[in-house]
Amino acid sequence: TNKEVDTSTLYTLLTNTGTGFPAGEYEFLSGGAANSENSKAYYHVYLDGSGSQTVSSGLNLSFANLNQTPFVHSTGTWNFGTSGIMNNPGNNNQSRGILDGDENWKNYDITVSLYYTAPTSEKLKGGYAVFFRATGDSHSNLSAYAFKFDVVKENFAFSRFSGYSEEVIASSEIPSNIIESDGEHTIVIAARGQNFTFYFNGNEVLKANDSSKSKLTNGRVGLRAWHNTSVIFKNVTVKPL
């Protein structure tokens with residue numbers, strides 16, 4: 001629409017809607033508004049095979065040329081570059097950040113694009129991870145799942161975090177040639193109820209579920225890198241289902 005939206009009327013037409021104009025990049029349709037000025041609300045409506053609809057704004061963030069942190073809360077040091085954001089590598093350094101989004105998100109597909117630089121010695125090892133179903137207003141009370149690329153253990157891991165405590169639920173081996181080579185990496189996480197499938201560079205590398213009493217059902221998405229691993233995060237897309 002090219003007119004301001006009466007959100008009180010919108011709520012009566014579309015139930016379970018959110019408020020505010022979410023951060024990210026947008027495609028403006030031909031014949032409609034050319035920008036987001038004066039807009040009060042923006043929605044994506046996804047239809048499933050039966051014609052039922054779910055309403056969500058989703059998330060599509062590019063980190064190129066940022067000059068401020070994109071996180072609602074973070075720890076450690078994040079540096080900004082022309083191609084994305086990166087951690088500050090160093091012994092015992094850890095950078096964690098939770099992206100702005102809907103804490104009520106439940107089922108979604110997450111796509112993360114990044115550039116990884118292989119370690120040049122044993123002292124430069126660490127890892128990186130993608131948080132999902134993350135809740136809490138700080139990292140001391142963070143509750144989240146994580147899909148990890150662990151350089152030291154040379155495995156992909158699916159973990160559950162409570163604050164800084166971690167429990168590994170499942171893992172699989174990373175081929176050594178990937179650990180030892182620089183390159184563009186793409187991670188896709190498919191969260192469906194308590195079942196999760198993880199893809200790395202287009203290949204399924206891990207499938208797991210969590211039906212424990214500590215299972216997590218909803219939350220935001222975030223990023224993590226630790227110790228001396230050099231990784232540049234380029235963009236993150238979240239498509240709620």
Side-chain angles (χ1 to χ4, degrees), residues 63 75-76 78-79 81 83-99 108-134 139 142 144-162 164-192 194-210 212 215-216 219 221-239:
F63 302 130
T75 62
W78 292 93
N79 301 316
S83 58
I85 59 173
M86 67 179 295
N87 61 311
N88 186 29
N91 289 334
N92 299 318
N93 283 359
Q94 179 172 182
S95 300
R96 310 201 312 179
I98 302 301
L99 295 164
Y108 43 44
D109 289 334
I110 306 163
T111 303
V112 178
S113 299
L114 58 92
Y115 187 86
Y116 164 78
T117 301
T120 56
S121 72
E122 289 294 316
K123 294 181 179 180
L124 297 180
K125 289 187 174 182
Y128 65 82
V130 177
F131 288 119
F132 61 104
R133 291 198 178 163
H139 283 268
L142 177 69
Y145 288 129
F147 176 60
K148 303 197 312 177
F149 181 101
D150 195 317
V151 180
V152 176
K153 296 180 180 179
E154 297 190 354
N155 68 15
F156 299 107
F158 169 49
S159 302
R160 184 174 55 243
F161 277 81
S162 177
Y164 286 94
S165 299
E166 177 186 10
E167 178 185 357
V168 175
I169 299 172
S171 64
S172 64
E173 184 180 355
I174 302 175
S176 59
N177 65 307
I178 294 177
I179 293 286
E180 298 166 0
S181 300
D182 301 350
E184 303 275 351
H185 292 173
T186 300
I187 290 172
V188 175
I189 300 171
R192 307 286 188 274
Q194 298 313 125
N195 298 308
F196 310 98
T197 308
F198 305 96
Y199 302 88
F200 183 81
N201 293 343
N203 300 307
E204 181 182 316
V205 294
L206 186 61
K207 182 173 282 190
N209 66 78
D210 181 16
S212 68
K215 64 185 179 184
L216 308 177
V221 172
L223 304 171
R224 178 190 178 211
W226 67 95
H227 297 333
N228 285 289
T229 294
S230 177
V231 55
I232 300 173
F233 294 101
K234 294 189 169 185
N235 55 65
V236 173
T237 300
V238 180
K239 180 182 177 182

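Excluded from the calculations below are hydrogen atoms, water molecules and symmetry mates; all remaining heavy atoms, backbone and side chain alike, are included.
Within the model, atoms CZ of Arg224 and OG1 of Thr229 stand 10.0 Å from one another, a figure rounded to the nearest 0.5 Å. Atom-to-atom distance recorded for Asn203:CG and Thr186:OG1 is 11.0 Å, nearest 0.5 angstrom. Atom CG of Leu114 sits about 9.5 Å away from atom CG of Asn235, to the nearest 0.5 Å. Note that OH of Tyr128 and NZ of Lys148 are 13.0 Å apart. Values are rounded to the nearest 0.5 Å. One distance of note links CZ of Arg133 with NZ of Lys215; it measures 10.0 Å at 0.5 Å rounding.
The closest donor-acceptor contact from the side chain of Ser172 to the backbone of Val205 lies under 3.5 Å. Ser171 places no side-chain N or O within 3.5 Å of a backbone atom of Ala157 that could act as its donor or acceptor partner. Looking only at distances, a side-chain donor or acceptor of Tyr145 sits under 3.5 Å from a matching main-chain atom of Leu216. A donor-acceptor pair under 3.5 Å links the side-chain atoms of Asp182 to the main chain of Ala118, judged by distance alone. Between the side chain of Tyr199 and the main chain of Thr111, no donor-acceptor pair closer than 3.5 Å is present.
The two residues Ile232 and Ser83 come nearest to each other via the heavy atoms CG2-OG, 3.8 Å. Between Asn177 and Ser181, the shortest heavy-atom contact is O-OG, 2.7 Å. When all heavy atoms are compared, the tightest approach of Asn87 to Ser230 is OD1-CA, 4.4 Å. Closest of all the heavy-atom pairs between His139 and Tyr164 is CB-OH, 3.6 Å. Between Asn209 and Phe196 the shortest heavy-atom distance is CA-CD1, 4.2 Å. Taking all atoms of both residues into account, the shortest heavy-atom contact from Ser212 to Arg160 is OG-NH1, 3.3 Å.
Checked options Phe156, Phe233, Phe149; the residue passing with His185 is Phe149 (criterion: ring pair (Phe, Tyr, Trp, His ring centres under 6.0 Å)).
Side chains of Val221 and Ile189 form no contact here, defined as non-hydrogen atoms less than 4.5 Å apart. Under the 4.5 Å side-chain criterion, counting only non-hydrogen atoms from C-beta, Leu99 is not in contact with Val238. In this structure, Ser113 and Glu184 have side chains that are not in contact, with every pair of non-hydrogen atoms separated by 4.5 Å or more. Phe147 has its side chain out of reach of Val112: every pair of non-hydrogen atoms, C-beta onward, lies at least 4.5 Å apart. Val151 has its side chain within reach of Tyr116: a pair of non-hydrogen atoms, C-beta onward, lies under 4.5 Å apart.
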- Mind running side-chain contact (heavy atoms from CB on, under 4.5 Å) on Phe200 and Ile178 for me, showing each step along the way? CA-CA 11 Å; Phe200 183 81; Ile178 294 177; 3.8 Å; yes

- Message: For a side-chain contact (heavy atoms from CB on, under 4.5 Å) check, start with the C-alpha distance between His227 and Lys125, then their side-chain angles and the critical distance, and finish with the verdict.
- Response: CA-CA 7 Å; His227 297 333; Lys125 289 187 174 182; over 6 Å; no

- Query: Would Phe198 and Val188 count as a side-chain contact (heavy atoms from CB on, under 4.5 Å) if you check the C-alpha gap in whole Å, the side-chain angles of each, and the deciding distance to 0.1 Å?
  - Reply: CA-CA 6 Å; Phe198 305 96; Val188 175; over 6 Å; no

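Ring geometry for Phe161 versus Phe131: interplanar angle over 60°, hence perpendicular rather than tilted (30 to 60°).
Atom CD of Glu173 has 12 or fewer neighbouring heavy atoms from other residues, nucleotides or ligands inside a 6.0 Å radius.
Taking a cutoff of 4.0 Å between a charged side-chain nitrogen and a carboxylate oxygen, Asp109 and Arg192 qualify as a salt bridge.
By the side-chain contact (heavy atoms from CB on, under 4.5 Å) test, Asn93 pairs with Asn88, sequence neighbours left out.
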